[in-house]
Amino acid sequence: MRATIPAGLDRKEAEVYERLDPDRLPKHIAIIMDGNGRWARRRHLPRVAGHRAGVAAVRSTVETAARIHIPALTLYAFSEENWKRRPKTEVSFLMNLLSRYLKQEVPTLNQNNIRLQYIGRQHELPEQVQERMQWAQEATAGNTGMILTLALNYSARSEMVDAFRSMIDAAARNGGVQHLEIDEEAISRHLYTKHLPDPDLVVRTSGEMRLSNFLLWQLAYAEIYVTSTLWPEFRGVHLLEGIAEYQKRERRYGGLSTDHTQPAAAARS
Ligand code: FPP
């Protein structure tokens, strides 16, 4: 039986969607957007031109994900390391770009019933950017469709540090650290992503094979899809291709292959 094509997909997207099993879509997709600088260099443009072009990729990816009813999409927009290691001019360009993106996109987010939220150490961002972020979050708070999470000034190791501090603070408030209970669920409950399921699929553009300090705890069992497409050229159709690849994989969570005639390669793969 042919899958019903969701409204709004273009012809190329519809062609890939037809190959998908709509009952096995990932519940949460995380994306490491990479390659803006290389895209610009290839065109003899300044690096920031790559970031500007990256906004169209964000728009297309977010809309397609919402149209096919992916419950959660998380984009790695700005790492803590980006903040420290990039020239001030590039960082301030990215901050302005983000502010403009938020102002421009809120109507589209609302049309697509998308709820916006953030992970990362927001309080370290410029105050004006924080205000714009809060405005956009509140403006989309009533939406009930896809949750779009932007990772801004985010680092997975800092997230874990913050989670452990939060656990200790909570225990201190509830009768002292002798009441501190540490297990996997307790740690997950104190991460920035406590309201989200762990990603099933992580996509990285531009061919790099690294997690770059992104959702290290939450990606423990995620399928990894790396595409050589540079972020500014990435579109909804590429996301669908990533989902098609994801659906070809067999997820084992450390168990055995369903084909028991083949020896499992490793206890945990
Ligand atoms: C990595 O490319 C990308 C970034 C550090 C910034 C990502 C920002 C955007 C995609 C645009 C704005 C986003 C939003 C949400 C409005 P890179 O510069 O590291 O590329 P390179 O590895 O080729 O140098």
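Remember, it's 1-based here, ligands and their atoms both numbered in the order they're listed. Just so you know, these numbers come straight off a predicted model, no measurement behind them.
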Point to revise | Residues R43, E233; criterion salt bridge (charged side-chain N to carboxylate O under 4.0 Å, His left out); working and verdict | key: CA-CA 13 Å; R43 285 164 179 73; E233 285 165 358; 3.1 Å; yes
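- Taking a 4.0 Å cut-off on heavy atoms, D34 registers as neighbouring ligand 1.
- Of all the atoms in ligand 1, the ones that sit under 4.0 Å from a non-hydrogen atom of M33 are 1 (C), 3 (C), 10 (C).
- Between the side chains of Y221 and D198, no donor-acceptor pair is found at a separation under 3.5 Å.
- Note: no N/O pair closer than 3.5 Å links W39 and ligand 1 by distance alone.
- A salt bridge does not link K12 with E18: none of the charged nitrogens is closer than 4.0 Å to a carboxylate oxygen.
- Taking the charged nitrogens against the carboxylate oxygens, R189 and E185 have no contact shorter than 4.0 Å, which rules out a salt bridge.
- For E124, the CD atom sits in a packed shell: over 12 heavy atoms of surrounding residues, nucleotides or ligands are nearer than 6.0 Å.
- With a 4.0 Å heavy-atom cut-off, ligand 1 is reached by the side chain of R86 but not by its N, CA, C or O.
- The nearest heavy-atom contact from the protein to atom 11 (C) of ligand 1 is H51 O, 3.5 Å.
- For the pair R47 and ligand 1, the shortest N or O to N or O distance falls below 3.5 Å.
- At least one N or O atom of G37, backbone or side chain, sits closer than 3.5 Å to an N or O atom of ligand 1.
- One finds no salt bridge joining E81 and K84 here, because no Lys/Arg side-chain nitrogen approaches an Asp/Glu carboxylate oxygen to under 4.0 Å.
- The proximity of F78 to ligand 1, defined as any non-hydrogen pair under 4.0 Å, does not occur for either the backbone or the side chain.
- Nearest protein neighbour of atom 12 (C) of ligand 1, counting heavy atoms only, is L97 CD2, 3.8 Å.
- Atom 14 (C) of ligand 1 has V58 CG2, 4.3 Å as its closest protein atom, hydrogens excluded (heavy atom only).
- Donor-acceptor pairing under 3.5 Å is lacking for the side chains of H179 and N174.
- Distances shorter than 4.0 angstrom occur between a heavy atom of G35 and an atom of ligand 1.
- The distance from ligand 1 to the heavy atoms of R38 drops below 4.0 Å at these ligand atoms: 21 (P), 22 (O), 23 (O).
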Check your understanding: Step by step, would you call R86 with E90 a salt bridge (charged side-chain N to carboxylate O under 4.0 Å, His left out)?
Key -> CA-CA 7 Å; R86 301 214 171 195; E90 184 175 339; 2.9 Å; yes
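- Residue E90 has no N or O atom closer than 3.5 Å to an N or O atom of ligand 1.
- Around CZ of R249, the count of heavy atoms belonging to other residues, nucleotides or ligands within 6.0 Å exceeds 12.
- Donor-acceptor pairing under 3.5 Å is lacking for the side chains of Q111 and E63.
- By the criterion of a heavy-atom distance under 4.0 Å, both the backbone and the side chain of N36 are placed next to ligand 1.
- R204 and T227 form no side-chain donor-acceptor contact under 3.5 Å, judged by distance and modelled atom types alone.
- Of all the atoms in ligand 1, the ones that sit under 4.0 Å from a non-hydrogen atom of Y101 are 16 (C).
- Nearest protein heavy-atom contact of atom 5 (C) of ligand 1 is N82 OD1, 3.4 Å.
- Atoms of ligand 1 found under 4.0 Å from any heavy atom of W231 (numbered from 1 in listed order, with element): 10 (C).
- Per-residue contacts place A77 under 4.0 angstrom from the following atoms of ligand 1 (heavy atoms of the residue considered): 6 (C), 7 (C), 8 (C).
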